[in-house]
Amino acid sequence: DAADAALVGQTQTTITVETPDTGTGNTEGAVFNESGGLVVMEGEHFTNVATSHDNVFWNPINTTEAIANSAVQAPLSAQSTSNFANNHARVDYDISFTQTGTYHLWMRGYAANGASDTLYVGLNGAPLSTAFFRFLPYKTWIWTDLKQGGSYFSIDINNPGVHTLNLWMRETGTMVDRIVLSKNSNSTPAGDGPAETPHDGAGNPDPEPDTVATPQIVPNGGLFQGSV
């Protein structure tokens, strides 16, 4: 009747669905070209990003204190496990090597405190060690090569061709700005460090994460307008 009809209303709810930035519009599929025993990569110019077992992932961020005003950051909330290689969020960088040998790993990054200063390193999907890479001191952007135990990470490239550098989250919020692999172990990056290496197979970098269309849901009629 008329009284019942007056009680009928409609509520509209807006839902925004955001997907992990897999590199689309960033540097998805990029291959960095080692030259003269050196390769340099911006942290946010990853080739691929892999989601963790609890559905979190590394994200590009904008910050004026980073080189080129952007970096990549480990998830701000995550559940750590002992099987980090299979379960933790990972970011990958494909590199085409012409020179084989041992490469020294340097990274410029930032750690707010002792709960966000470490990550794991691997090559071609396999961890190099259960020891972690560490950013010290805290609260400042620094270049470091520090490996747990007091030494540094060296990466052996035994065959020319494309190899993948892997970084796994160990602690939340760790920031990586620029990555250097160099056969010259006596060369310490300073300032912005060497210029970024040219890469193939990707368009212009875009540090913004990919976001799908915003769907509109009308609960009363069960209608869905828009697409994902």
Side-chain angles (χ1 to χ4, degrees), residues 27 30-47 58 60-61 63-74 90-111 116-124 126-168 170 174-202 205 207:
T27 45
V31 179
F32 291 86
N33 299 307
E34 170 268 319
S35 178
L38 177 69
V39 61
V40 183
M41 301 164 292
E42 284 289 300
E44 69 277 11
H45 293 173
F46 45 77
T47 304
W58 290 76
I61 60 169
T63 171
T64 57
E65 294 179 319
I67 302 167
N69 297 323
S70 53
V72 68
Q73 185 175 32
R90 190 188 76 240
V91 65
D92 301 328
Y93 304 85
D94 285 355
I95 305 164
S96 179
F97 289 93
T98 57
Q99 292 194 24
T100 58
T102 300
Y103 285 77
H104 191 122
L105 174 64
W106 289 89
M107 283 191 268
R108 185 180 190 267
Y110 181 92
S116 63
D117 62 332
T118 61
L119 53 81
Y120 293 111
V121 179
L123 185 70
N124 299 327
L128 292 175
S129 171
T130 55
F132 49 76
F133 191 98
R134 192 168 198 179
F135 292 97
L136 282 175
Y138 307 140
K139 299 186 183 301
T140 185
W141 289 89
I142 57 164
W143 283 102
T144 183
D145 62 349
L146 185 60
K147 180 181 180 181
Q148 180 188 19
S151 63
Y152 61 87
F153 272 99
S154 60
I155 299 177
D156 293 324
I157 303 298
N158 298 318
N159 306 103
V162 176
H163 297 273
T164 303
L165 176 70
N166 315 111
L167 304 181
W168 282 276
R170 181 176 183 271
T174 311
M175 301 182 199
V176 177
D177 183 16
R178 181 164 284 188
I179 304 164
V180 172
L181 285 170
S182 175
K183 292 186 70 176
N184 183 358
S185 61
N186 295 318
S187 178
T188 303
D192 287 353
E196 186 175 34
T197 298
H199 58 76
D200 300 325

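For this chain, numbers begin at 1 and follow the sequence in order. Quantities reported herein were computed from a predicted structural model and do not represent experimental measurements.
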Would you find a donor on one side and an acceptor on the other, under 3.5 Å apart, between the side chain of [X] and the backbone of [Y]?
X    : Y    : value
E34  : T98  : yes
T102 : S154 : no
T197 : V40  : yes
Q73  : M175 : no
R178 : A66  : no
Y93  : G43  : yes
K183 : T100 : yes
N184 : N186 : yes

From [X] atom [atom1] to [Y] atom [atom2], the distance as rounded to the nearest 0.5 Å:
X    : Y    : atom1 : atom2 : value
T174 : M107 : OG1   : CE    : 10.0 Å
F133 : W168 : CZ    : CH2   : 15.0 Å
L146 : F132 : CG    : CZ    : 8.5 Å
F135 : W141 : CZ    : CH2   : 9.0 Å
H199 : F32  : NE2   : CZ    : 5.0 Å

Original post:
Between D94 and T164, do the side chains contain an N or O donor and an N or O acceptor separated by less than 3.5 Å?
Top reply: yes
Original post:
For residues T118 and R170, is any side-chain donor paired with an opposing acceptor at under 3.5 Å?
Top reply: yes
**OP:** Indicate, with yes or no, if the rings of F97 and Y103 have centres closer together than 6.0 Å.
**Re:** yes
Given side chains that start at C-beta, do those of [X] and [Y] come closer than 4.5 Å, heavy atoms only?
X    : Y    : answer
W106 : S187 : no
T47  : V31  : no
L123 : D156 : no
P127 : Y120 : no
I179 : L165 : yes
V176 : L119 : yes

Subject >> Identified side chain to side chain contact (heavy atoms under 4.5 Å, CB included) counterpart of N69 within the set T64, I61, T63 >> reply: T64
Original post:
Quick one: which of V180, I67, I142 gives a side chain to side chain contact (heavy atoms under 4.5 Å, CB included) with R108?
Top reply: I67
**OP:** Could you check D117 against Y138 for side-chain hydrogen bond (donor to acceptor under 3.5 Å, both in side chains), going step by step and ending with a plain yes or no?
**Re:** CA-CA 8 Å; D117 62 332; Y138 307 140; 3.3 Å; yes
Restricting to non-hydrogen atoms, name the atom on [X] and the atom on [Y] that form the minimum distance, rounded to 0.1 Å.
X    : Y    : answer
Y110 : T140 : CE1-N, 3.3 Å
F46  : V91  : CB-CG2, 3.3 Å
V121 : L167 : CG2-CD2, 4.2 Å
E42  : S70  : OE1-O, 4.0 Å
S182 : L38  : CB-CD1, 3.9 Å

**OP:** Kindly state each residue pair satisfying side-chain hydrogen bond (donor to acceptor under 3.5 Å, both in side chains) with at least one member in residues 143-153, sequence neighbours excluded.
**Re:** H104-D145
